[in-house]
Undergrad: 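Following this message is one structure expressed as structure tokens.
Just so we're on the same page: letters track the sequence lines, and every chain starts at 1.
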2 protein chains.
Amino acid sequence: MSPTDLHMVVPAGGSGTRLWPLSRAANPKFLHALTGTDRSLLQATFDRLVPLCSAQRLLLVTGTAHATSVARQLPELPERNILVEPFARDSCAAIALAAAVIQRRSPGAVMASFAADHLITDVPAFHEVVGHAVDGAADGRLMTIGITPTRPETGYGYLRCSEPARPGVRQTVLEFREKPTAEVAAEYVASGSYLWNASMFLWRTDVFLAELAARRPDVHEPVTAIAAAWDSDRRETVLADLWPTVPKVAVEYAVMEPAAAQGKVATVPGDFGWHDIGDFETLGALLGRDVDGARVVDVSPDQAPVLVVDGDGVIAVPCAPRVIATLGVRDLIVVDTADAVLVCRRDRAQDIKKLTELLRDRGYAAHV
Amino acid sequence: MSPTDLHMVVPAGGSGTRLWPLSRAANPKFLHALTGTDRSLLQATFDRLVPLCSAQRLLLVTGTAHATSVARQLPELPERNILVEPFARDSCAAIALAAAVIQRRSPGAVMASFAADHLITDVPAFHEVVGHAVDGAADGRLMTIGITPTRPETGYGYLRCSEPARPGVRQTVLEFREKPTAEVAAEYVASGSYLWNASMFLWRTDVFLAELAARRPDVHEPVTAIAAAWDSDRRETVLADLWPTVPKVAVEYAVMEPAAAQGKVATVPGDFGWHDIGDFETLGALLGRDVDGARVVDVSPDQAPVLVVDGDGVIAVPCAPRVIATLGVRDLIVVDTADAVLVCRRDRAQDIKKLTELLRDRGYAAHV
């Protein structure tokens, strides 16, 4: 299959609540340079995908709040390739819209969908795995790239494979599993037959849309009608009319799980340094540098220094040109931004959502 | 003695290092509204003293860095009553300069000296004690007002009295004692014969200057020469010439301790809600309000909220319009200012100086 037949889709949504106050609803993590370079996660995703398809064949699906930021961060991306949802309708709607638009622009094309906020350190290995998965998609399978697990992570969903996974070798996905308990996650990893679900999907658009039509006509019907109007002057009218009717559902639940149960889903295991920059622990481990007793994550070029006196296990994220000074503290996360400061015990970082909920409750939604 | 013969002196110096980053060398604590009102400590001191002497007889001694701030905070204070030291020469030089200037303007007057950064909650009681101490000063004694101790504080010096102290009753001070250990402080408080030294001094200027001449001619000589030139066009020349030669010494050490050994120092014990706003513990206890698990000290009118989820023993000092959010932390001090954030274990607050030293070492003196 030649690269000109491959289309890439990047759903860019989600606010990254566990990275508050760095990540905001109005300024989510994919717009931040959490890559170890000055490129944002979105830009790094673009850089990684565009050699496989060209910017002409890369579609971005995002919300109204982020359309302008996305357009400015990716000046090479044609405007017609930025699909702006009036409001979020979960992943099935976003991916189906992209599939239906591609199907009209390039019938029968293969599309590959990758999140905007993941980090991949071994890009050549990623490209090779994508190549294998594209072959499977061209053969008519609903493909996913499963990540070879490196730890019994409880924060991700898993794919159960038909046999122990071998890198680069395609095999059938028997089941999609929800986020497991620690015990179950340990069993999964020990078995060798489970992969992390990183929501990387590849398929022929006609194959996917047929599956969608069969399983979820309530999504398929309005989305294909919207796609038919997309490249016309009727787009806004049809969107306003039909988008509110599209059910909110995840693509795994709507399509992939039932399709897997019928043997229609396959995977190519990937082992290319994949990271979901989902929380400050990961951020500190991946992108931090050691400063006295702290891991300091530099996310903007003009910070004042971080001072740690008699501290240990501190993760400091200076996002503003301000001194962060800690004295005698341990196992804390300190995040300093222009309008909010977070001080959080490391073992409580999964509950940061409680703070953002409290902020909304108290009328400070602008800080969330 | 009529109020018109009484002059007040307020030395306004010191940077309040233990209150960093709230208090700065360039913006020290006496300029901040740490009073529970919108008046600064300096303004509250002025408000407390001026009924006893009028603004015409109130002298302020400060450094070049703070002269303009002082002038703007106290518009009622005549410009000629702001004595600006070219650089700090410790308390003996500051107080001697004020005494010598007053002696020239009003020979034989009584002067009373009070720090710019102390808080007093019972002002009528304070005025009454000052009245008793002024009587002693008019009688030719070197007077001090000693504070009736409320706890075995190790952060202050003590006065040893000739007998157990009774509020408002004058008695002889036998000795000035340095900051004690906890054990010794407990003995002091139990004895009833020890008072806190709050550096409140009252004397006739001629009496004080004679003591100074006898004990420290190296201070007396240049300072009286400077005072002789103060209200003339030779002030700057003489200051430039002589001020650098003035030894750096505390007034307690230079004059009061040796004078006490000769029975020349007396005290009137005071019990009028005196507080040295020296650290965040005191600030939180005195001026904080309870917010969830925190004591929040409001030092500026436009803060965003402090959020404390599952926290305990947090002292939060928001000095900037920014959210402070803490999750799962206990016994921490969090201070947020425009250009620095402090996160400090409460039992380490006495070591904040280490942070300011480190900042200077690393070239961030502007943040100190």
Undergrad: Going through the checks in order, is the side chain to side chain contact (heavy atoms under 4.5 Å, CB included) test met by V309(A) and D351(B)?
TA: CA-CA 10 Å; V309(A) 171; D351(B) 296 328; over 6 Å; no

Undergrad: Of all of V314(A), L307(A), V329(A), which one pairs up most often with chain B through heavy atoms under 4.5 Å apart?
TA: L307(A)

Undergrad: Take atom CZ of R72(B) as the centre, draw a 6.0 Å sphere, and report whether it contains more than 12 heavy atoms from other residues, nucleotides or ligands.
TA: no

Undergrad: Among P21(B), A325(B), G328(B), single out the residue with the greatest number of heavy-atom pairs under 4.5 Å to chain A.
TA: A325(B)

Undergrad: Where do R362(A) and V306(B) come nearest, in terms of heavy atoms and distance?
TA: NH1-O, 4.2 Å

Undergrad: Tell me, side chain or backbone of L359(A) under 4.5 Å from chain B's heavy atoms, or both, or neither?
TA: both

Undergrad: So does A338(A) get a backbone contact from the side chain of R322(B), meaning a donor-acceptor N/O pair under 3.5 Å?
TA: yes

Undergrad: So for R330(A), is it side chain, backbone, both, or neither that comes closer than 4.5 Å to the heavy atoms of chain B?
TA: neither

Undergrad: Say you draw a straight line from CZ of R345(B) to CG of D310(A); how long is it, rounded to the nearest 0.5 Å?
TA: 9.0 Å

Undergrad: Only one of V341(B), V343(B), L332(B), L342(B) forms a side chain to side chain contact (heavy atoms under 4.5 Å, CB included) with T326(A), so which one is it?
TA: V343(B)

Undergrad: Would you be so kind as to tabulate the donor-acceptor pairs closer than 3.5 Å made by side chains of residues 178-185 of chain B, with sequence neighbours excluded?
TA:
| from | atom 1 | to | atom 2 | distance (Å) |
| --- | --- | --- | --- | --- |
| T181(B) | OG1 | V184(B) | N | 3.2 |

Undergrad: Please classify the contact between I333(B) and chain A as side chain, backbone, both or neither, with a heavy-atom cut-off of under 4.5 Å.
TA: neither

